[in-house]
**Student:** 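Got a structure for you, questions after.
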Amino acid sequence: QASAGLSIKAEYYSSAETMNVWGLLKGSDPVLKNEYIIIGAHLDHVGKQGDVIFPGANDNASGSAAVLEIAKTFAVNKLYPKRSIIFVLFASEEQGLYGAQHMADNLPVMPGQVTAMLNLDCIAFGDSIQVGNGKSAPQLWKIARDIDAGNENYMVEATWRGGGADAGPFHDKGIPAIYFASTNSYKYIHTIYDTPESLNYELMRKITRLAFQIASGIADGNYVREVVK
């Protein structure tokens, strides 16, 4: 029989200051520029415990990188869509969707001016594309399905209603939203094995490309805001 003792010295902070990071691409149409597309992903993960680091490559460096790549594509190719686009990286998703909730509660425009919200979360591990919230925004979801069917044909039919993750606070405001993820995506979520080496980069490319194509099309006016179900 043996016994052991454990002594832990830690500092606990009940709150800390953080922030969302966002940028605006103004629309080119004199009327439609007053309508907005939000493209977002959360930039936080669960951090570390002692000396153990949780990398968060899939959750959600993958989605954050996709948002930056989509913004870069618009900028480098000098694409000026008719509607305006807000690109945002949310803080504190893991703590309770605080960053997305703060933005949804403090939008820089009226909620009715937001045509759609696209969320990217855990898009780089798995074997196919899943687009969530299709039962609440079926027309927006159908645009995704039709574009994918004509290109990669990687999107599964399974979806859900009610937002999900950072799409949730916007859905709750009546904003049509879809949520890009990959199927079978959570094997290493919130573990030390969620590393860059575990990622499916080809799948990540396909999802990012699909999100860009959808964003580009609806920002150019080929989608009329639907009533959220």
Side-chain angles (χ1 to χ4, degrees), residues 24-41 63 66-67 70-71 73-74 79-88 90 97 100-101 103-104 107-123 128-183 185 203 206-229:
L24 172 67
L25 175 62
K26 292 184 179 180
S28 60
D29 185 89
V31 175
L32 290 180
K33 69 179 182 181
N34 296 311
E35 299 177 9
Y36 296 80
I37 312 299
I38 296 175
I39 305 175
V67 172
I70 293 169
T73 300
F74 277 100
L79 302 176
Y80 303 104
K82 295 177 181 179
R83 288 179 170 128
S84 299
I85 302 177
I86 297 172
F87 301 95
V88 58
F90 301 113
L97 312 181
Q101 188 67 63
M103 184 172 191
L107 286 167
V109 297
M110 296 299 294
Q113 292 178 263
V114 182
T115 301
M117 190 273 175
L118 280 58
N119 184 55
L120 295 105
D121 195 347
C122 296
I123 64 169
S128 55
I129 301 171
Q130 185 171 35
V131 179
N133 202 40
K135 293 182 179 180
S136 293
Q139 295 173 36
L140 195 56
W141 184 89
K142 185 177 185 299
I143 290 174
R145 186 185 62 180
D146 291 347
I147 291 175
D148 175 71
N151 290 279
E152 305 288 357
N153 198 29
Y154 242 60
M155 182 175 153
V156 299
E157 292 288 321
T159 187
W160 61 79
R161 72 171 68 248
D166 285 321
F170 299 92
H171 165 82
D172 293 343
K173 298 290 184 183
I175 296 170
I178 49 176
Y179 175 170
F180 295 87
S182 52
T183 57
S185 189
L203 178 61
K206 289 176 180 180
I207 296 178
T208 303
R209 181 169 181 256
L210 177 60
F212 167 75
Q213 290 172 317
I214 296 166
S216 180
I218 63 178
D220 271 331
N222 69 358
Y223 167 72
V224 177
R225 177 176 165 151
E226 63 194 288
V227 177
V228 171
K229 297 181 179 181

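This chain uses plain numbering: 1 for the first residue, then up along the sequence.
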**Student:** Just by modelled atom types, is the Gly27 backbone N or O under 3.5 Å from a matching donor or acceptor in the Ser84 side chain?
**Tutor:**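 A pair under 3.5 Å: yes.
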**Student:** How close do Ile207 and Ile123 get, heavy atom to heavy atom, and via which atoms?
**Tutor:** CD1-O, 3.4 Å
**Student:** Are Glu35 and Arg225 ion-paired here, with the side-chain N under 4.0 Å from a carboxylate O?
**Tutor:**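 No, Glu35 and Arg225 are not salt-bridged.
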**Student:** Of the non-hydrogen atoms in Ile85 and Ala219, which two are nearest, and what is the gap between them?
**Tutor:** CD1-CB, 4.0 Å
**Student:** Run the ring pair (Phe, Tyr, Trp, His ring centres under 6.0 Å) test on Phe74 and Tyr80 for me, step by step, so that the C-alpha distance in whole Å, both residues' side-chain angles and the decisive distance to 0.1 Å come before the verdict.
**Tutor:** CA-CA 7 Å; Phe74 277 100; Tyr80 303 104; 9.5 Å; no
**Student:** In this structure, which one of Asn133, Val228, Ile218 forms a side chain to side chain contact (heavy atoms under 4.5 Å, CB included) with Leu140?
**Tutor:**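 Exactly one candidate clears the test, Ile218.
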**Student:** Would you check if the side chain of Ser28 reaches a backbone N or O of Pro81 as a donor-acceptor pair within less than 3.5 Å?
**Tutor:** yes
**Student:** Would you say the side-chain atoms of Thr159 pair up with the backbone N or O of Val131, donor to acceptor, closer than 3.5 Å?
**Tutor:** yes
**Student:** Got a donor-acceptor contact below 3.5 angstrom from the Glu226 side chain to the Gln139 backbone?
**Tutor:** yes
**Student:** Mind listing the closest non-hydrogen atom pair of Asp148 and Leu210 along with its distance?
**Tutor:** N-CD1, 3.9 Å
**Student:** Mind listing the closest non-hydrogen atom pair of Ser128 and Tyr154 along with its distance?
**Tutor:** CB-O, 3.3 Å
**Student:** Using a 4.5 Å cut-off on heavy atoms from C-beta on, say whether the side chain of Ile86 contacts that of Pro108.
**Tutor:** yes
**Student:** Relative to the ring of Phe170, is the ring of Phe90 parallel (under 30°), tilted (30 to 60°) or perpendicular (over 60°)?
**Tutor:** tilted
**Student:** Search all heavy atoms of Ile214 against all heavy atoms of Ala144 and return the closest pair with its distance.
**Tutor:**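 Looking at all heavy atoms of both residues, the closest pair is CD1-CB, 3.4 Å.
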**Student:** Would you find a donor on one side and an acceptor on the other, under 3.5 Å apart, between the side chain of Ser136 and the backbone of Lys229?
**Tutor:**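 Answer holds: yes.
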**Student:** Which heavy atom of Gln130 sits nearest to which heavy atom of Ala158, and what is that distance?
**Tutor:** NE2-O, 3.3 Å
